[in-house]
Amino acid sequence: MLTINFHPFQNLETERLLLRRINENDVDEVLALRGNPEIMKYIPRPLAKTKEDALEHIAMIEDKIVNNIGINWGITIKGNDKIIGIIGHYRIQPENHRAEIGYMSLPEYNGKGYITEAIKAVVEYGFVQMHLHSIEAVIDPDNTASERVLQKNGFVKEAHILENELWEGKFWDTVIYSLLSRNFKK
């Protein structure tokens, strides 16, 4: 079984981005992300409606880091501390050397390659620092933008599971993409 340890917290840097620890100063951006119905339409989770909701989300992210059960970074463009998105590993399965990656970004930053760049850094962290064997992404089958960004990063489709998640009275399909450490290319 893997031993997961996120201490000390490690920022990740790419050509254009700095992925850093999220804190309470990011409340407005977290609210803009988690409270936007367009961003959340493929994520079966409650919308953040208030700053208090966003602060609770930030506290949950921090708690997972502190307890070594999940890690998220705020995505920032170098030279600007404002987060444009969130990315991280959660639903970590130490016994299977596997984790799930999740990500979101503000709509005005979509289509610029930022998420592709951030995924590369977080996947490398997962394989090199966390010693994962595989990383999965669970997406809505209608989220073609997410599907494309995963494929760009070497993920392959493992499964399409029909109506396996109930959210707000509707059964959702999920598609699972994965990347094995042996297929990861820096």
Side-chain angles (χ1 to χ4, degrees), residues 1-2 4 6 12 14-17 19 33-34 36-47 57 60-61 64 68-75 83-186:
M1 176 155 14
L2 281 181
I4 304 293
F6 299 127
L12 305 178
T14 70
E15 182 181 335
R16 301 181 295 166
L17 304 174
L19 280 57
L33 285 158
R34 300 290 300 194
N36 183 322
E38 186 62 26
I39 295 171
M40 295 295 289
K41 76 178 175 185
Y42 298 121
I43 303 170
R45 300 289 177 270
L47 281 175
H57 189 71
M60 183 264 307
I61 288 170
K64 288 184 183 221
N68 295 309
I69 57 172
I71 186 167
N72 276 281
W73 291 266
I75 303 168
I83 67 169
I84 64 165
I86 298 171
I87 189 167
H89 291 290
Y90 61 105
R91 294 187 188 157
I92 298 170
Q93 304 170 29
E95 68 281 7
N96 295 318
H97 299 233
R98 188 171 174 102
E100 182 178 335
I101 191 172
Y103 44 84
M104 60 174 45
S105 64
L106 293 168
E108 59 267 34
Y109 296 98
N110 292 346
K112 299 178 181 349
Y114 293 130
I115 291 295
T116 297
E117 199 171 313
I119 287 173
K120 281 183 171 76
V122 170
V123 164
E124 182 174 350
Y125 179 89
F127 289 136
V128 175
Q129 301 295 323
M130 294 171 64
H131 307 288
L132 296 172
H133 175 72
S134 61
I135 298 172
E136 69 182 10
V138 180
I139 65 168
D140 184 295
D142 294 330
N143 193 345
T144 55
S146 188
E147 185 175 47
R148 280 193 306 273
V149 81
L150 290 167
Q151 290 168 345
K152 279 184 198 172
N153 278 285
F155 283 73
V156 296
K157 188 174 181 178
E158 279 189 355
H160 184 139
I161 305 167
L162 300 175
E163 299 181 5
N164 65 312
E165 189 167 350
L166 178 63
W167 176 250
E168 293 186 338
K170 175 189 169 203
F171 286 96
W172 294 53
D173 289 6
T174 56
V175 173
I176 300 172
Y177 272 81
S178 74
L179 179 61
L180 298 176
S181 59
R182 69 173 175 254
N183 297 328
F184 169 66
K185 295 172 179 70
K186 275 187 163 186

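Quick caveat: nothing in here was measured; it's all calculated off a predicted structure.
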For Lys157, all residues meeting side chain to side chain contact (heavy atoms under 4.5 Å, CB included), sequence neighbours excluded: His160, Val175, Tyr177
Flag side-chain contact, heavy atom, 4.5 Å: Ile4 against Ile71: no
From Lys64 atom NZ to Arg91 atom CZ, the distance as rounded to the nearest 0.5 Å: 8.5 Å
Full working for side chain to side chain contact (heavy atoms under 4.5 Å, CB included) between Phe155 and Ile119: CA-CA 11 Å; Phe155 283 73; Ile119 287 173; 4.3 Å; yes
Close side-chain approach of Tyr103 to Leu150, heavy-atom, < 4.5 Å: yes
Minimum heavy-atom distance Tyr109-Tyr114, with the two atoms named: O-CD1, 3.6 Å
Asn96 side, atom CG; Ser134 side, atom OG - distance, nearest 0.5 Å: 7.5 Å
Approximate separation, where rounding is to 0.5 Å, of Ile135 CD1 and Glu124 CD: 10.5 Å
Heavy atoms from other residues, nucleotides or ligands near CD of Glu95 exceed 12 (cutoff 6.0 Å): yes
Donor-acceptor contact below 3.5 Å, side chain Asp173 vs main chain Glu163: yes
Pair Arg45 + Glu165, salt bridge at N-O below 4.0 Å: yes
Contact summary for His89 and Ala99, nearest pair of heavy atoms: ND1-CB, 4.0 Å
Inter-residue atom distance His133.NE2 - Leu179.CG, 0.5 Å rounding: 10.0 Å
Heavy-atom pair with the smallest gap, counting every atom of Ile101 and Tyr90: C-CE2, 4.0 Å
Ile43 side, atom CD1; Arg34 side, atom CZ - distance, nearest 0.5 Å: 6.0 Å
Trp172 six-ring face occupied by Lys170 cation (under 6.0 Å, within 45°): yes
Leu106 side chain reached by Leu33 side chain, heavy atoms, under 4.5 Å: yes
Criterion side chain to side chain contact (heavy atoms under 4.5 Å, CB included) on Thr116 and Asn153, from CA distance to verdict: CA-CA 7 Å; Thr116 297; Asn153 278 285; 3.6 Å; yes
With Glu136 via salt bridge (charged side-chain N to carboxylate O under 4.0 Å, His left out) - residues at least two apart: Arg98
Student check: side-chain heavy atoms of Glu147 and Ile139 closer than 4.5 Å: yes
Partners passing salt bridge (charged side-chain N to carboxylate O under 4.0 Å, His left out) against Arg148 (at least two apart in sequence or in another chain): none
Closest heavy-atom pair and its distance - Leu12, Ala121: CD1-O, 3.8 Å
Heavy-atom pair of closest approach, residues Pro107 and Ile39: CD-CD1, 3.6 Å
NE2 on His97 to CG on Leu132, rounded to 0.5 Å: 9.0 Å
Ring geometry between Phe127 and Phe184 (parallel below 30°, tilted from 30 to 60°, perpendicular above 60°): tilted
Pair Ile115-Ile75, side chain to side chain contact (heavy atoms under 4.5 Å, CB included): steps then yes or no: CA-CA 9 Å; Ile115 291 295; Ile75 303 168; 3.7 Å; yes
